[in-house]
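Here the structure comes first, spelled out in structure tokens, and everything after it is commentary.
All ligand and atom numbering here is 1-based and tracks the order in the structure.
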Amino acid sequence: MSYFPDMGCESMVVAGPHIRPIGWLHPDHPYTKGEVSSEFLSRLKEFTERCGQSAEALYFGASGGIHTCEFCGQAYGVGNFGVPCDDLLFVAPEMVVHYIEKHDYRPPAEFVAAVLRCALPDSEEYQVLTEPFWHLHKLALERRCQ
Ligand SMILES: [Zn+2]
């Protein structure tokens with residue numbers, strides 16, 4: 001999987017000043033380790049279970065292929081999902097759960113707060129929250145294809 005630093009402006013699927021990538025880890029780069037709450041972890045799993053709906057609501061286009069865990073080679077994921085927070089959008093790979101559970105990764109507090117607060121991707125509220133991003137990403141993708 002490609003590496004993108006947490007809280008930058010770029011991920012494998014989308015980029016821009018509104019994007020905050022989370023959990024695009026790689027063994028060549030150090031990352032923050034530590035405990036996370038079980039409340040956060042179970043809520044996060046509800047997001048990863050709804051990756052498809054999230055990607056659709058956010059007009060992610062192609063997933064960018066399969067991500068393999070480059071720390072252990074024992075896990076892989078294909079999906080990515082977004083967590084809107086006001087005018088910012090956190091974008092994480094499905095693998096983020098594996099990084100937390102197996103590699104002790106601790107995501108930034110802003111992301112933890114957003115996951116606990118945001119409606120799940122199969123809700124109407126999520127559709128409303130993600131609509132501005134849907135338009136942005138559609139435009140960006142169309143520009144890239146021209
Ligand atoms: Zn691993």
Side-chain angles (χ1 to χ4, degrees), residues 1-127 129-134 136-138 140-141 144-145:
M1 196 167 91
S2 307
Y3 170 74
F4 296 99
D6 278 358
M7 305 300 280
C9 287
E10 225 186 320
S11 72
M12 194 144 74
V13 280
V14 279
H18 63 291
I19 296 298
R20 292 295 177 270
I22 297 291
W24 299 82
L25 308 184
H26 189 276
D28 290 347
H29 303 268
Y31 61 88
T32 311
K33 294 187 177 191
E35 295 264 309
V36 301
S37 72
S38 56
E39 186 196 6
F40 164 68
L41 194 56
S42 64
R43 182 75 178 169
L44 188 65
K45 285 177 184 172
E46 293 195 74
F47 273 92
T48 58
E49 282 161 12
R50 293 165 176 80
C51 268
Q53 282 149 312
S54 173
E56 213 172 291
L58 288 161
Y59 212 95
F60 274 173
S63 72
I66 294 177
H67 312 147
T68 306
C69 176
E70 291 179 59
F71 295 92
C72 67
Q74 302 288 304
Y76 68 92
V78 287
N80 307 291
F81 65 98
V83 183
C85 180
D86 301 322
D87 51 357
L88 295 179
L89 179 69
F90 295 104
V91 178
E94 192 185 346
M95 290 274 284
V96 70
V97 169
H98 171 79
Y99 290 145
I100 293 169
E101 290 185 319
K102 300 292 179 203
H103 302 292
D104 209 21
Y105 169 54
R106 192 184 64 190
E110 295 92 327
F111 176 69
V112 173
V115 165
L116 290 172
R117 205 182 64 177
C118 182
L120 291 172
D122 52 2
S123 69
E124 219 166 286
E125 197 187 332
Y126 187 86
Q127 299 295 323
L129 290 170
T130 51
E131 218 202 320
F133 300 117
W134 186 91
L136 268 179
H137 300 156
K138 185 170 186 286
L141 209 67
R144 225 194 293 168
C145 293

Heteroatom count (protein N, O or S) under 2.8 Å of the Zn ion (ligand 1): 4
Between CZ of Phe111 and CG of Leu116, what distance do you get to the nearest 0.5 Å? 10.0 Å
Please step through ring-ring contact (aromatic ring centres under 6.0 Å, His included) for the pair Tyr126 and Phe81, ending with a clear verdict. CA-CA 12 Å; Tyr126 187 86; Phe81 65 98; 9.4 Å; no
Decide yes or no for Glu70 and Leu25: does some side-chain heavy atom of the first lie under 4.5 Å from some side-chain heavy atom of the second? no
Less than 4.5 Å apart, any side-chain heavy atom of His67 and any of Trp24? yes
So does Gly82 get a backbone contact from the side chain of Ser54, meaning a donor-acceptor N/O pair under 3.5 Å? yes
Residues in ring-ring contact (aromatic ring centres under 6.0 Å, His included) with Phe40, at least two apart? none
